[in-house]
Amino acid sequence: MLAGDIDAFGRLVAPYRDRAARFAMRMLGNREDAEEALQDALVRAYRSLRQCQDHSRFDTWLFTILINRCRTTGSRTRRRHRTFVEAESPEALLAEPSRDGDDEAAGWRDEIARALARLEPAHREAFVLKHVDDLSYEQISAMTGVRVSALKMRVKRACDQLRTALGEAYCAKHDA
Amino acid sequence: MPSMTPEHPDEMSPPDLLGRAIRSCREPVTITPDFDDRLMARLRSERAAGRDRLPQLPRSATIYRAWDWLANTRSIRVRPLTVIAGGAIVAAILIVVGSDIRGLRRDSPLPAVATATAAAAVPATVPGTTVRFVLVAPSAKRVYLLGDFNHWDSGATPLTRTAGGGNTWATTVHLDAGRHVYAFVVDGTRWVTDPTAPRSLDDDFGLPSAVLTVVGGST
């Protein structure tokens, strides 16, 4: 139905774009990589729209493509960092530019971004899908192909690591 | 017995940092203003190239016939002696290969520099304009980066040991798009080229240098 109709495709994906952009940003940590992964995912979705048999699960199908593109882009970025790493450390790259206004809030956003960057990619992925996108474990399992039990372990580890990292940052700030 | 309940709970326990992290991650992100225009342009080129129409393979296609053959059960008749002989050959191959691998690990340790930049498969063509140079030099006291971008000044761009005082030295440099030739100088006297990067054919100082090509940003 939508084959070749670009405007219709644009209307189809519009409700998911911001959520998809947020996921890509949390996974990859910098706007350039996130937008590249998101564009790639949308182009692939456009190419293979006929394969989406169940239109009621379009968001699941789209996010499955996006998850894979983020994995590919993230993997490529990590390989590049082994020899030629971009301007800052990966942790610093994950910090979005501080917004005007509350410096403390901006500082915490940076700490959170750094803590998120230190997670194993698989743990970060599970954490973001579960706690940021608020998906059920069954939905995440369908998107990622990972068993529910493994996903629960990954989310738990991510939460534990984030608590530890942010706890240390909190103590450092308040002991200073 | 004194009450165990704190009068001011917030003073006794840190705030819900994980909850704060989740709320922060849920905040919307900003997309560059031309994102939609770039996407539409890519989709138009997809349509122009006909890549929005999937090819429909006939059921008689080779790939379907191959899959049917592999996926269906079938009976195979073999002599027991054939099975025993085949197993012995496979076992012999595994023993030989295993010995070779163990021999390689014992007899050929990788040099320190090569292990550091072991991602030799990464091409020395990277997007972006800021590049981080990394060198493993466990015994070095000083490492400098020289290249056409700093006029081959041996004192202009020092590398620093990475966190933890390990064997790795690193620095970041802003590079314009284009071809760049560079090398490292260790302790002021030892010229070291990047083992993972392509070799420059025009050695500016009669010494080997590496080549890095920085391309413009993708559109």
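Chain letters run A, B, ... following the sequence lines, proteins first, then strands; residues in each count from 1. Computed from a prediction, not measured in an experiment: that's the story for all the values here.
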Strictly by modelled atom types, are B/Arg38 and B/Thr32 linked by a side-chain donor-acceptor pair under 3.5 Å? yes
Regarding A/Arg26 and the six-membered ring of A/Phe127, is the cationic atom NZ or CZ under 6.0 Å from the ring centre and inside 45° of its axis? no
Quick one: sort the B/Phe184 and B/Phe133 rings into parallel, tilted or perpendicular, breaks at 30° and 60°. perpendicular
Out of A/Gln39, A/Glu111, A/Arg19, A/Arg17, which one racks up the most heavy-atom pairs below 4.5 Å with chain B? A/Gln39
Look at A/Val128, A/Leu42, A/Asp133, A/Asp18 and state which one has the largest set of heavy-atom pairs under 4.5 Å with chain B. A/Leu42
Region of A/Asp160 in contact with chain B, defined by heavy-atom distances below 4.5 Å: neither
At a 4.5 Å cut-off on heavy atoms, which part of A/Leu162 comes close to chain B: side chain, backbone, both, or neither? side chain
What is the distance from atom CG of A/Leu151 to atom OG1 of A/Thr144, rounded to the nearest 0.5 Å? 4.5 Å
Tell me, yes or no, whether the heavy-atom count around A/Arg147 atom CZ, taken from other residues, nucleotides or ligands under 6.0 Å, exceeds 12. no
So which part of B/Arg23 gets closer than 4.5 Å to some heavy atom of chain A, the side chain, the backbone, both or neither? neither
